[in-house]
Asks: 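Below: one structure in structure tokens.
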Amino acid sequence: MDTFEAIKKRRSVKSFDINHKMTRDEITKILESAILSPTSYNIQNWRFVIVTSQEIKDKISELSHGQKQVSEASLVIVLCGDLNSWDKNPERYWKNIPEEPRSMLVDSLRNSYRDKPQMQRDEAMRSCGMAAQTIMLAAKSMGYDTCPMKGFDYDKVGKLINLPDDHIIVMMVVVGKASKQAPPRGGQLPLSEISFKNHF
Ligand SMILES: Cc1cc2nc3c(=O)[nH]c(=O)nc-3n(C[C@H](O)[C@H](O)[C@H](O)COP(=O)(O)O)c2cc1C
């Protein structure tokens, strides 16, 4: 599917065929696309928890005010950010480049995030937001639909997935075979309201 077609056709779908199972290869293809999303300093601070167990999907649905797309979707991806990825052997984020520029980049990366909890959190949000859109467009291109989600109990879902202490959950994306299409779009704002020439 053409990129523009995938962008136009991606919608937040709320009803999925509960019996549809995605293959391991399909799930891998989506994740392999997700990890090509850009991250600042190539920090790759996203962590993806892939939930296919019906029991766990049902529990997450309960923790999502009963939103049924969570139970019905083939896959629930919990997008998490590792707040300390800047300090976890960051040389590997630049392993393919020569040593000198690599050590400069790593120094700069460490200085950007050390003792800056707000920046660490912001970076998790930025990276996971990018990855979420990649996941949704990749899934759409493969004939699947998705729903991005923040309407759930973050603490309880964190406990359920054994979220490490230095990670945060950013959002979820559910993926599956749509059983009902989304209603017409709510209404996009005109470009004249949301875009500005050179400055506000
Ligand atoms: C960060 C984020 C969180 C969202 N959380 C939910 C959610 O919890 N439940 C839900 O049904 N839709 C959720 N949505 C979907 C939005 O309602 C939807 O994207 C918006 O209405 C625009 O519709 P569209 O995605 O079909 O273009 C979320 C979307 C985003 C980007």
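Counting starts at 1 for both ligands and their atoms, following the listed order. Numbers here are sequence positions counted from 1.
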Asks: Compare Cys128, Pro148, Ser64 and give the one whose heavy atom is closest to atom 6 (C) of ligand 1.
Replies: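 That would be Pro148.
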Asks: What do you think, any protein heavy atom under 4.0 angstrom from atom 20 (C) of ligand 1?
Replies: no
Asks: Which pair of non-hydrogen atoms, one from Asn111 and one from Lys116, has the smallest distance, and what is that distance?
Replies: O-NZ, 2.9 Å
Asks: Pull out every atom of ligand 1 sitting under 4.0 Å from any heavy atom of Cys147, numbered as shown with elements.
Replies: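 Those qualifying, in numeric order: 10 (C), 11 (O), 12 (N).
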Asks: Are there protein heavy-atom neighbours of atom 13 (C) of ligand 1 below 4.0 Å?
Replies: yes
Asks: Between Tyr113 and Glu123, is a side chain to side chain donor-acceptor pair (under 3.5 Å) present by the stated rule, with each step listed?
Replies: CA-CA 9 Å; Tyr113 299 102; Glu123 216 50 75; 2.9 Å; yes
Asks: Answer yes or no for Gln69: is there a heavy-atom contact with ligand 1 below 4.0 Å?
Replies: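 The answer is yes: ligand 1 sits under 4.0 Å from a heavy atom of Gln69.
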Asks: Heavy atoms only, cut-off 4.0 Å: how does Ala182 contact ligand 1, side chain, backbone, both, or neither?
Replies: neither
Asks: Within a 6.0 Å radius of atom CG on Asp115, are there more than 12 heavy atoms belonging to other residues, nucleotides or ligands?
Replies: no
Asks: Under 4.0 Å from atom 17 (O) of ligand 1, do we find at least one protein heavy atom?
Replies: no
Asks: What protein heavy atom is closest to atom 8 (O) of ligand 1, reported as residue, atom name and distance in Å?
Replies: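 Nearest neighbour among protein heavy atoms for atom 8 (O) of ligand 1, to 0.1 Å: Gly151 N, 2.9 Å.
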Asks: Can you give me the closest heavy-atom contact between Ser74 and Lys57, atom names plus distance?
Replies: O-NZ, 3.6 Å
Asks: What is the minimum heavy-atom distance between Met130 and Pro38, and which atoms define it?
Replies: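 Residues Met130 and Pro38, closest heavy atoms: SD-CG, 3.7 Å.
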Asks: Charged N to carboxylate O below 4.0 Å: is that the case for Asp145 and Lys140?
Replies: yes
Asks: Atom 15 (C) of ligand 1: which protein heavy atom is closest, and how many Å away?
Replies: Ser12 OG, 3.4 Å
Asks: Out of all atoms in ligand 1, which are within 4.0 Å of some heavy atom of Arg185? Include the element for each.
Replies: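 So the atoms of ligand 1 that pass are 27 (O).
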Asks: At a 4.0 Å threshold, what atoms of ligand 1 neighbour a non-hydrogen atom of Gln67?
Replies: 7 (C), 8 (O), 9 (N), 10 (C), 11 (O)
Asks: Are any of the N/O atoms in Met171 less than 3.5 Å from those in ligand 1?
Replies: no
Asks: May I ask you to say whether Glu55 pairs ionically with Lys59, meaning some side-chain N is under 4.0 Å from a carboxylate O?
Replies: yes
Asks: Counting non-hydrogen protein atoms only, what is the nearest one to atom 5 (N) of ligand 1? Give residue, atom name and distance.
Replies: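 Of every protein heavy atom, Lys150 N, 3.0 Å lies nearest to atom 5 (N) of ligand 1.
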Asks: Under 4.0 Å from atom 24 (P) of ligand 1, do we find at least one protein heavy atom?
Replies: yes
Asks: Using a strict 4.0 Å threshold on nitrogen-to-oxygen distance, state whether Lys88 and Asp82 make a salt bridge.
Replies: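 Salt bridge: yes.
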Asks: State the atoms of ligand 1, each with its element, that fall below the 4.0 Å cut-off from a heavy-atom position in Arg11.
Replies: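 Per the distance check, 24 (P), 26 (O), 27 (O).
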Asks: Over all heavy atoms of both residues, which pair between Ala124 and Ile168 is shortest? Give the atoms and the distance, please.
Replies: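 Scanning both residues, the minimum pair turns out to be CB-CD1, 3.9 Å.
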